[in-house]
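Everything quoted here is computed from the prediction, not taken from an experiment.
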2 protein chains.
Amino acid sequence: MTARTPDSARDIPEATVARLPVYLRALTSFAEEGTTTCSSEELAVSAGVNSAKLRKDLSYLGSYGTRGVGYDVEYLRYQIAREIGVTHDWPVVIVGIGNLGHALANYSGFRSRGFRVVALLDADPTRKDEVVAGLDVRSFEDIESIVAEHAVSIGVIATPAIAAQAVADRMVANGITSILNFAPTVLSVPDGVGVRKVDLSIELQILAYHEQRKSIAPASEDAS
Amino acid sequence: MTARTPDSARDIPEATVARLPVYLRALTSFAEEGTTTCSSEELAVSAGVNSAKLRKDLSYLGSYGTRGVGYDVEYLRYQIAREIGVTHDWPVVIVGIGNLGHALANYSGFRSRGFRVVALLDADPTRKDEVVAGLDVRSFEDIESIVAEHAVSIGVIATPAIAAQAVADRMVANGITSILNFAPTVLSVPDGVGVRKVDLSIELQILAYHEQRKSIAPASEDAS
DNA sequence: AGGAGTTTGTGAACGGGAGAACAAAACGAG
DNA sequence: CTCGTTTTGTTCTCCCGTTCACAAACTCCT
């Protein structure tokens with residue numbers, strides 16, 4: 001007899017949290033196709049996971065399905081969006097407007113999935129004249145006023161590795177509590193600050209490892 | 001010579017494989033500073049992991065340390081590189097030369113970490129005149145000859161989501177067996193083909209979830 | 001040479017996540 | 001109204017990964 005945790009489920013496993021955005025995207029896809037209802041099996045296939053896993057994941061949010069019927073696409077989509085916290089947009093600053101920073105600033109997926117880039121910052125003064133994705137690149141020194149003005153809590157680091165830690169420190173000092181790091185460095189931040197890293201060469205190296213194994217032992221099985 | 005299994009360790013856990021590149025980078029960093037020896041504790045701090053975990057990870061490769069002393073930086077660096085398979089360069093093709101494709105093509109970290117971009121492909125014929133990062137953008141139709149000529153086994157997808165599955169199919173049909181996918185889609189590929197995905201908005205959404213939680217229950221602890 | 005001090009490598013306990021399997025609940029047919 | 005069908009929500013078990021703790025092994029100093 002559980003004491004019913006209807007809205008704010010207490011603790012959702014990290015692995016589940018990482019999959020919720022995938023479900024959200026699949027549901028959005030269904031909605032765009034005009035599908036109003038889907039079973040856990042359909043949604044699981046679309047998200048590329050096991051249906052039992054999907055049902056267990058959703059059960060952490062509450063009982064939003066109907067037995068014998070399935071899930072209401074729009075309703076479930078909203079519930080997941082609310083749980084993740086993307087029913088409203090999050091302001092985001094991007095620091096480091098090099099090749100990658102450009103790409104991120106122009107990435108339309110951010111805007112459509114709950115994020116709004118409010119500022120582009122770069123330490124290089126020669127970049128201050130540029131306008132990227134409709135925003136003019138501003139000095140990194142402006143971070144304090146920008147974070148304060150827009151109540152920014154999420155920062156993206158797209159600088160060279162050498163500058164990343166200093167940028168992170170400065171972000172934290174100005175109240176940013178979540179950082180997405182594209183620089184190939186291990187960041188150290190205080191407790192309570194969330195960091196996720198995206199490392200392009202690490203991903204390729206993992207692929208290379210498995211690739212090498214395939215050619216050495218072709219008769220063995222494979223772990224994707 | 002091969003009494004035990006010193007060279008080709010049988011099966012390295014996936015979680016360990018994902019950390020080896022981090023250790024490799026930390027060791028490279030040590031080598032550049034002139035450090036010739038390091039303890040598991042030093043390396044663990046530099047890689048941002050627990051030292052016991054690091055030692056266990058390294059133990060899957062063999063016993064390359066010396067008790068009471070530590071690890072020889074250069075020797076261990078080479079052993080990890082050999083295990084991952086980046087002692088020689090891997091040829092890579094990038095498909096989709098939009099904003100992100102540009103950034104990837106220009107990313108110097110690939111070259112320095114065991115990968116060589118041999119071709120840039122795009123389905124849009126208006127892009128065929130462009131030269132990016134010293135390579136001219138070629139038609140996606142050329143994939144067959146390029147893959148055959150350079151013995152490419154790793155492909156990078158940086159196309160819009162709508163095109164990603166078709167590109168992946170075509171890659172697989174031409175012998176590519178490892179795919180790094182930046183498009184926000186779930187790819188389905190045959191067994192034996194490795195796929196890793198990098199999804200920018202998912203990473204941000206995970207951060208947003210934790211961020212939302214912080215503001216709701218500030219007295220609770222945090223999972224990074 | 002021997003003992004003290006380090007540091008690695010690993011055995012064992014622990015916790016979390018994945019998947020199978022099943023009971024509970026809703027719908028529809030007759 | 002009752003029964004069969006469908007699909008969810010949940011329990012149970014197994015496996016992988018993390019962490020602790022300690023013995024083995026090496027160096028240095030006396």
Side-chain angles (χ1 to χ4, degrees), chain A residues 1-6 9-20 22-23 27 30 35-73 75-76 79-80 83 206 221-224, chain B residues 4-6 9-20 22-23 26-27 30 35-73 75-76 79-80 83 206 221-224:
Chain A
M1 53 182 286
T2 50
R4 198 179 57 192
T5 58
R10 287 293 165 248
D11 51 339
I12 295 183
E14 194 56 32
T16 296
V17 171
R19 282 188 294 267
L20 289 180
V22 181
Y23 305 152
L27 287 167
F30 281 158
T35 309
T36 59
T37 292
C38 71
S39 69
S40 66
E41 182 63 29
E42 291 169 305
L43 186 53
V45 168
S46 184
V49 302
N50 184 299
S51 70
K53 195 193 298 185
L54 177 125
R55 287 199 299 278
K56 185 183 283 194
D57 283 344
L58 295 184
S59 75
Y60 289 115
L61 315 190
S63 291
Y64 295 135
T66 308
R67 298 178 191 220
V69 177
Y71 300 92
D72 181 281
V73 169
Y75 181 58
L76 182 59
Q79 293 300 335
I80 293 179
E83 189 66 41
I206 294 170
E221 90 272 47
D222 157 73
S224 81
Chain B
R4 291 171 297 157
T5 58
R10 289 289 166 253
D11 52 339
I12 297 183
E14 193 57 32
T16 296
V17 171
R19 282 188 293 266
L20 289 180
V22 181
Y23 304 153
L27 286 167
F30 280 158
T35 310
T36 60
T37 291
C38 70
S39 67
S40 65
E41 182 62 29
E42 291 169 306
L43 186 53
V45 168
S46 185
V49 301
N50 185 299
S51 70
K53 193 192 298 188
L54 177 122
R55 288 199 300 276
K56 179 157 282 201
D57 283 343
L58 295 184
S59 75
Y60 290 115
L61 315 190
S63 290
Y64 295 134
T66 307
R67 297 177 191 221
V69 178
Y71 299 93
D72 182 281
V73 169
Y75 181 57
L76 182 59
Q79 294 300 336
I80 294 179
E83 189 67 41
I206 295 171
E221 91 274 45
D222 157 72
S224 88

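The NZ atom of A:K56 sits 13 Å away from the P atom of D:dT13 (whole-angstrom rounding). To the nearest angstrom, P of C:dG16 lies 16 Å from CG of A:D57. Between the CG atom of B:L58 and the P atom of C:dT10 there is a distance of 11 Å, given to the nearest Å. As rounded to whole Å, 19 Å separates atom P of D:dA25 from atom OH of B:Y64. The CD1-P distance, from B:I12 to D:dG17, rounds to 12 Å in whole Å. Remark: P of D:dA21 and NZ of B:K53 are 17 Å apart, rounded to the nearest angstrom. Spacing between atom CZ of A:R55 and atom C1' of D:dT11 amounts to 13 Å, rounded to whole angstrom units. Nucleotide D:dC15 holds its C1' atom 15 Å from the CD atom of B:E14, rounded to whole Å.
The base of C:dT7 is not paired with the side chain of B:R67 by any donor and acceptor separated by under 3.5 Å.
The shortest heavy-atom contact between A:L27 and A:C38 is CD2-SG, 4.2 Å. The shortest non-hydrogen separation linking B:V73 to B:T37 is CG2-N, 3.7 Å. The two atoms that bring A:Y23 and A:I80 nearest to each other are CB-CD1, 3.9 Å, heavy atoms only.
Phosphate contact (OP1/OP2 of D:dC26, side-chain N/O of B:T66, threshold under 4.0 Å): absent. At C:dG9, one or more side-chain N or O atoms of B:Y71 fall inside 4.0 Å of OP1 or OP2 (strictly under the cut-off). The side chain of A:N50 places an N or O atom within less than 4.0 Å of a non-bridging phosphate oxygen (OP1 or OP2) of C:dA20.
Between the side chain of B:S59 and the backbone N or O of B:K56, at least one donor-acceptor pair lies under 3.5 Å.
The side chain of A:S40 lies closest to D:dT8, out of D:dT10, D:dT8, C:dT8.
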